[in-house]
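Worksheet: one structure, shown below.
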Amino acid sequence: NVFPCILSINEIYGSTALLPTIMAVLLSERHELSVQWCIAQVYFLHTYASAEFCILAVMGYDRYVAICNPLQYHSIISNSKTGKLALLAGMYPALVFGGFYSLTIRLRFCGKVLPKMYCVNMELVKNSCSPAPYISIVGLVLILLLIVPQILLIVFSYAHILRVCRKLPRESQRNALKTCVPHLLSLTNYSIASLFEIIQSRFNMSHIAIEARIFLSLYFFIIPPITNPVLYGLGTQMVRVTLLKLFVRYQMLPTLLAKAVAVASV
């Protein structure tokens with residue numbers, strides 16, 4: 001399927017904007033990041049996060065068509081339609097966030113410390129010397145624009161999927177819902193991570209241990225890119241067989257080590 005590939009490409013894009021910068025800051029002597037690169041990182045990370053949710057919404061629509069209109073799937077989700085949906089998922093967050101981003105880059109910054117391991121828009125606004133109370137309001141509107149349409153599309157898709165599945169035989173229900181499990185797990189994982197990030201950026205979290213806050217921040221950008229290939233790969237027999245072999249091998253490893261120690265002691 002094309003959409004899991006697009007999802008992986010977007011996650012590579014987000015990870016590339018985050019991890020090399022973190023490594024460079026940790027390995028440097030001053031542990032600082034320039035304002036210019038910090039502002040650039042804001043754009044990369046926010047467009048990655050927004051595009052991720054858009055792609056997951058499009059994947060929900062793809063599952064809806066595959067289950068509710070299986071005979072017309074290839075005519076509805078044609079190659080040209082797939083390209084348009086992929087372009088929409090990438091361009092919509094870039095354009096919507098781009099308008100808000102143009103307000104951020106006009107600010108003057110007097111603060112030097114961000115309570116995160118990477119740059120996010122709200123923390124930059126808090127470090128601004130320019131009075132900009134409207135940015136917080138515009139930011140809330142931006143969140144609604146980047147979340148509500150996608151949620152509506154996902155709810156629409158799964159409402160129709162459940163309606164159709166109720167009319168199918170039990171075996172067909174299992175097969176249909178099985179194709180939705182990776183998407184639902186990815187969506188749940190990413191939604192929880194997004195909720196953590198929104199709460200941290202909007203509310204005072206100083207009462208929570210700094211280690212927990214760092215973990216929740218990195219969870220948003222690290223865990224979904226790691227788990228999604230596994231979730232979608234488990235649908236492929238070759239991947240399942242390879243993982244099973246690795247599991248059996250590591251299960252047998254303690255026994256083999258014990259036998260080696262026993263032989264060596266003799």
Side-chain angles (χ1 to χ4, degrees), residues 1-15 47-79 81-93 143 146-198 219-243:
N1 200 319
V2 175
F3 294 117
C5 294
I6 297 172
L7 189 71
S8 298
I9 291 171
N10 185 58
E11 288 166 351
I12 292 172
Y13 164 69
S15 300
T47 50
Y48 148 75
S50 306
E52 187 87 350
F53 201 37
C54 288
I55 296 168
L56 288 171
V58 169
M59 292 174 73
Y61 173 73
D62 175 73
R63 292 299 83 208
Y64 152 70
V65 176
I67 294 172
C68 299
N69 299 283
L71 299 179
Q72 299 178 326
Y73 176 81
H74 290 290
S75 61
I76 297 175
I77 308 295
S78 59
N79 290 336
K81 184 70 169 293
T82 300
K84 291 177 182 177
L85 289 173
L87 185 63
L88 177 64
M91 293 301 296
Y92 177 74
I143 291 174
L146 293 174
I147 291 180
V148 172
Q150 291 83 336
I151 291 177
L152 292 176
L153 180 58
I154 292 169
V155 170
F156 166 83
S157 300
Y158 277 100
H160 282 274
I161 288 172
L162 292 175
R163 179 178 58 82
V164 169
C165 285
R166 289 176 59 185
K167 302 176 183 178
L168 296 175
R170 189 172 297 272
E171 183 65 26
S172 298
Q173 286 182 4
R174 283 198 294 266
N175 291 334
L177 294 176
K178 189 189 301 181
T179 64
C180 297
V181 169
H183 178 258
L184 286 173
L185 291 176
S186 296
L187 180 63
T188 302
N189 188 25
Y190 186 74
S191 298
I192 292 173
S194 300
L195 183 62
F196 285 153
E197 184 60 28
I198 292 172
Y219 179 98
F220 183 68
F221 291 103
I222 293 178
I223 302 302
I226 291 175
T227 56
N228 284 343
V230 176
L231 292 174
Y232 288 101
L234 288 176
T236 305
Q237 184 177 2
M238 184 182 298
V239 175
R240 290 199 302 269
V241 170
T242 303
L243 289 177

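Predicted, not measured: the structure shown is a model, and the values here were computed from it.
Residues Cys54 and Gln150 come closest through the heavy atom pair SG-NE2, 2.9 Å. Here the closest heavy-atom approach between residue Arg63 and residue Cys180 is recorded as CB-SG, 4.4 Å. In plain terms, the two heavy atoms of Asn10 and Glu52 that are nearest each other are ND2-OE1, 2.9 Å. Counting all heavy atoms, side chain and backbone alike, Cys68 lies closest to His160 at SG-O, 3.6 Å. The two residues Ala176 and Ile67 come nearest to each other via the heavy atoms O-CD1, 3.5 Å. Of all the heavy atoms in Tyr48 and Pro225, the pair that sits closest is OH-CG, 4.0 Å.
For the pair Ile9/Tyr13, no side-chain contact is recorded, criterion being any heavy-atom separation below 4.5 Å from C-beta on. Using a 4.5 Å cut-off on side-chain heavy atoms (C-beta onward), Leu56 and Phe3 make no contact. The closest side-chain heavy-atom distance from Asn228 to Tyr190 is not below 4.5 Å. By the 4.5 Å heavy-atom criterion applied to side chains, Ile76 and Tyr64 are not counted as neighbours.
For the atom pair OG1 (Thr179) and CG (Leu184), the distance works out to 9.0 Å, reported to the nearest 0.5 Å. Atom CD1 of Ile147 and atom CG of Leu152 lie 11.5 Å apart (nearest 0.5 Å). Rounded to the nearest 0.5 angstrom, Met59 CE and Leu153 CG are separated by 12.5 Å. Taking CD1 of Ile55 as the start and OG of Ser8 as the end, the distance is 9.0 Å to the nearest 0.5 Å. Interatomic distance, Leu185 CG to Thr227 OG1, rounded to the nearest 0.5 Å: 9.0 Å. We find the CZ-CG distance between Phe53 and Leu146 to be 10.0 Å, quoted to the nearest 0.5 Å.
Counting non-hydrogen atoms of neighbouring residues, nucleotides and ligands closer than 6.0 angstrom, the CZ atom of Arg166 reaches no more than 12 such neighbours. Atom NZ of Lys84 has 12 or fewer neighbouring heavy atoms from other residues, nucleotides or ligands inside a 6.0 Å radius.
For the pair Thr82 (side chain) and Ser78 (backbone), a donor-acceptor distance under 3.5 Å is present.
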